[in-house]
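Before any comments, here is the structure.
Residue numbering restarts at 1 for every chain, and letters A, B, ... go by the order of the sequence lines.
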Amino acid sequence: MTPLPFDPLASGPLLAGAVVATAASLWLLLPNGRDTSSARWLGTLLGLGALAAFILAGRRLGGVGEEAVFLIVSLVAVVSAAATIVSRSPVYAAIWFALTLAGVAGVLLVLGAQFLGVATIVVYAGAILVMFLFVLMLAQPAGLAPYDRVSNEPFLSALAGAVLLGVLSLSIGRLSAAPAPCCGVPSRATATPTAGTQPSSDVASESTTATVASSVAPAIDPLAENHVARLGGELFGRHLVAVEAAGVLLLVALIGAIAVVSRGEAAQAAAASPSAGRSAAR
Amino acid sequence: MNTMQSLPLLQNALTVGAILFSLGLIGILTRRNLIVMFLAAEMMLQGISVSLVAWSRYHGDWGGHVLVIFVLTVAACEAAVALVFVLQAFSRTGRLDSAAWQSLREATVGRTVDHELPSIDTVPPRFPTLTPAGILPAADENEPLQREHV
């Protein structure tokens, strides 16, 4: 593998411009109570420019097909994520978030995580998002609420997001400026026990030896074949205690949710007054 | 070329994860609807998941995958509990507004004051309509039954 040489003079200003354009576009697009269409158009144009700059600053992948698929799914994810946080209606935000989940699942599939892509669709879009929509239909007043048409400090928040995005993309871009991590990465499948750069304990080196001995073909993607079965083996082998803890956590969350609901209803029945306040607040 | 340890793919996926995380951060900082804030938090989790899987592919290791599975589990628990809290908050205040609970703020933080917003609901929404079916068109007496020219 030959990583492309990192050229900060070429991609640095591009990334900086993309980050600044992203922040300006979000500042213009976030709900600010005025709803002027010129600001919306300008924000959309700036957002498209930021996307183009990000695409230009991105690394070229190996093949055209892989690159096109990755570009499409990541564009779906990013654009619908932006639409989620700028849409006024929370129902539309939830539907845009479903599209974000579809894009993220596509990215996970491109990255070779078949099980996680499907699980994202099933768990998030199938269960969590539908729960969100149920709550919205229970709790959403008719029309657009005034608190959906304003934002808390959109300029400062967009600035904070831009700073974070700039720092993250800077450190991501500097990944390739480091010496090529091709064969020096202490991955369990490819590294020989003596090639580890940092001192490892005896247990770690033993497991490394065992893994290298068991997987003899490092050229094949070890995550590709028998994907779900090997993921299950890893999950229920090395991480069995964590799986049990997660099961306990699910049970506790379920019982806690039911307890909070029933106690809240009891308190409401005891008070028996907030219905007048609710209708006045609407 | 070994497709397993592909640095450009890692960098692109990490960039997508960073963008998703930043958008979620901006959303949870600015929006005032409790549900939308929650969606933004879930979006930050999605960005983290993409980054974890990208590193996992780069290293050829299962750790990122396993961690994302636990992220999914904790997100499900969090969604259940937090939506119950949102419902309770709504039944107490009648609003999904986070500023309805601003009496919980610090003493030095300024109060959120809502200004009067310009009305945008003056124009009624236009929904698409269908042509009513099964109604005969009005007969025209003067219309010739046959055209002179085909």
Report the option among T22(A), T84(A), V110(A), V19(A) that has the most heavy-atom pairs separated by less than 4.5 Å from atoms of chain B. T84(A)
Residue pair A81(A) / L23(B): nearest heavy atoms and the distance that separates them: CB-CD1, 3.7 Å
Is it the backbone or the side chain of E42(B) that comes under 4.5 Å from a heavy atom of chain A, or both, or neither? both
Applying a strict 4.5 Å limit to non-hydrogen atoms, the region of L52(B) in contact with chain A is neither
Of the backbone (N, CA, C, O) and the side chain (C-beta and beyond), which part of L231(A) lies under 4.5 Å from a heavy atom of chain B, both, or neither? both
Please look at A75(B) and chain A and tell me whether the side chain, the backbone, both or neither of the residue comes under 4.5 angstrom of a heavy atom of that chain. both
Go through the atoms of A94(A) and report whether side chain, backbone, both or neither lie under 4.5 Å from a heavy atom of chain B. both
Given a strict heavy-atom distance threshold of 4.5 Å, which part of L20(B) is in contact with chain A: side chain, backbone, both, or neither? side chain
Side chain proximity check, Q46(B) to Y124(A), heavy atoms < 4.5 angstrom: yes
Using atom types as modelled and distance alone, determine if a side-chain donor or acceptor of Q11(B) lies under 3.5 Å from a backbone N or O of I172(A). yes
Check whether more than 12 heavy atoms from other residues, nucleotides or ligands sit under 6.0 Å from atom CZ of R105(B), and answer yes or no. yes
Let me confirm one number: the OG-CZ distance from S87(A) to R31(B), rounded to the nearest 0.5 Å. 6.0 Å
Do R149(A) and R32(B) have side chains that get closer than 4.5 Å, going by heavy atoms? no
Tell me, for E66(A) versus chain B, whether the close heavy atoms (under 4.5 Å) come from the side chain, the backbone, both or neither. side chain
Check whether L25(B) gets within reach of chain A through its side chain, its backbone, both or neither, counting any heavy atom under 4.5 Å. side chain
The interface call for V78(A) against chain B, heavy-atom contacts under 4.5 Å, is both
Is L116(A) close to chain B through its backbone or its side chain, or both, or neither, when contacts mean heavy atoms under 4.5 Å? side chain
Is the closest side-chain heavy-atom distance between W27(A) and T30(B) below 4.5 Å? no
Let's go through H227(A) and H65(B) carefully: what are the C-alpha distance in whole Å and the side-chain angles of both, what is the deciding distance for side chain to side chain contact (heavy atoms under 4.5 Å, CB included) to 0.1 Å, and is it a yes or a no? CA-CA 11 Å; H227(A) 179 86; H65(B) 291 237; 3.8 Å; yes
Quick one: what part of L34(B) sits under 4.5 Å from any heavy atom of chain A, side chain, backbone, both or neither? neither
Contact class of V50(B) relative to chain A, heavy atoms under 4.5 angstrom: both
To the nearest 0.5 angstrom, please state how far the OG atom of S171(A) sits from the CG atom of L14(B). 8.5 Å
Taking side chain as everything from C-beta outward and backbone as N, CA, C, O, which of these in V53(B) sits under 4.5 Å from a heavy atom of chain A? Side chain, backbone, both or neither. both
Check against side chain to side chain contact (heavy atoms under 4.5 Å, CB included), I69(B) and F115(A): CA-CA 10 Å; I69(B) 288 177; F115(A) 176 74; 3.9 Å; yes
Measure the spacing between CG of N12(B) and CG of L71(A) and express it to the nearest 0.5 Å. 9.0 Å
Contact part of I258(A) toward chain B, heavy-atom cut-off under 4.5 Å: side chain, backbone, both or neither? neither
Show the nearest heavy-atom pair for residues I26(B) and S157(A), with the distance to one decimal. CG1-O, 3.6 Å
Shortest non-hydrogen separation from C77(B) to A253(A) and the atoms involved: CB-CB, 3.6 Å
Taking C-beta and beyond as the side chain, do V243(A) and F70(B) meet within less than 4.5 Å on heavy atoms? yes
When heavy-atom pairs shorter than 4.5 Å are enumerated against chain A, which of V81(B), I35(B), T73(B) gives the highest number? I35(B)
Separation between CZ of R95(B) and CG of D148(A), rounded to the nearest 0.5 Å: 11.5 Å
Under a 4.5 Å heavy-atom cutoff, which of S98(B), A79(B), G47(B), A82(B) has the most pairs with chain A? A79(B)
Where on L87(B) is there a heavy atom nearer than 4.5 Å to chain A: the side chain, the backbone, both, or neither? side chain
Quick one: which of T15(B), V84(B), V86(B), V68(B) has the most heavy-atom pairs under 4.5 Å with chain A, could you say? V84(B)
For L159(A), is it the side chain, the backbone, both or neither that has a heavy atom under 4.5 Å from a heavy atom of chain B? neither
Checking heavy atoms, do the side chain of L250(A), its backbone, both or neither come under 4.5 Å from chain B? both
Of the backbone (N, CA, C, O) and the side chain (C-beta and beyond), which part of A242(A) lies under 4.5 Å from a heavy atom of chain B, both, or neither? both
Can you find a pair of side-chain heavy atoms, one from N152(A) and one from L29(B), that are under 4.5 Å apart? no
Of the backbone (N, CA, C, O) and the side chain (C-beta and beyond), which part of F132(A) lies under 4.5 Å from a heavy atom of chain B, both, or neither? both
Under a 4.5 Å heavy-atom cutoff, which of V16(B), L83(B), V74(B) has the most pairs with chain A? L83(B)
Would you mind checking which part of R88(A) comes under 4.5 Å of any heavy atom in chain B, side chain (CB onward), backbone (N, CA, C, O), both or neither? backbone
Using modelled atom types only, decide if a donor and an acceptor are shared between the side chain of Y147(A) and the backbone of A99(B) within a distance under 3.5 Å. no
For chain A, find which of V36(B), V66(B), I28(B), D97(B) contributes the most heavy-atom pairs closer than 4.5 angstrom. D97(B)
Under a 4.5 Å cut-off applied to non-hydrogen side-chain atoms, are L164(A) and F21(B) in contact? yes
Any idea which heavy atoms bring L168(A) and A18(B) closest together, and the distance? CD1-CB, 3.7 Å
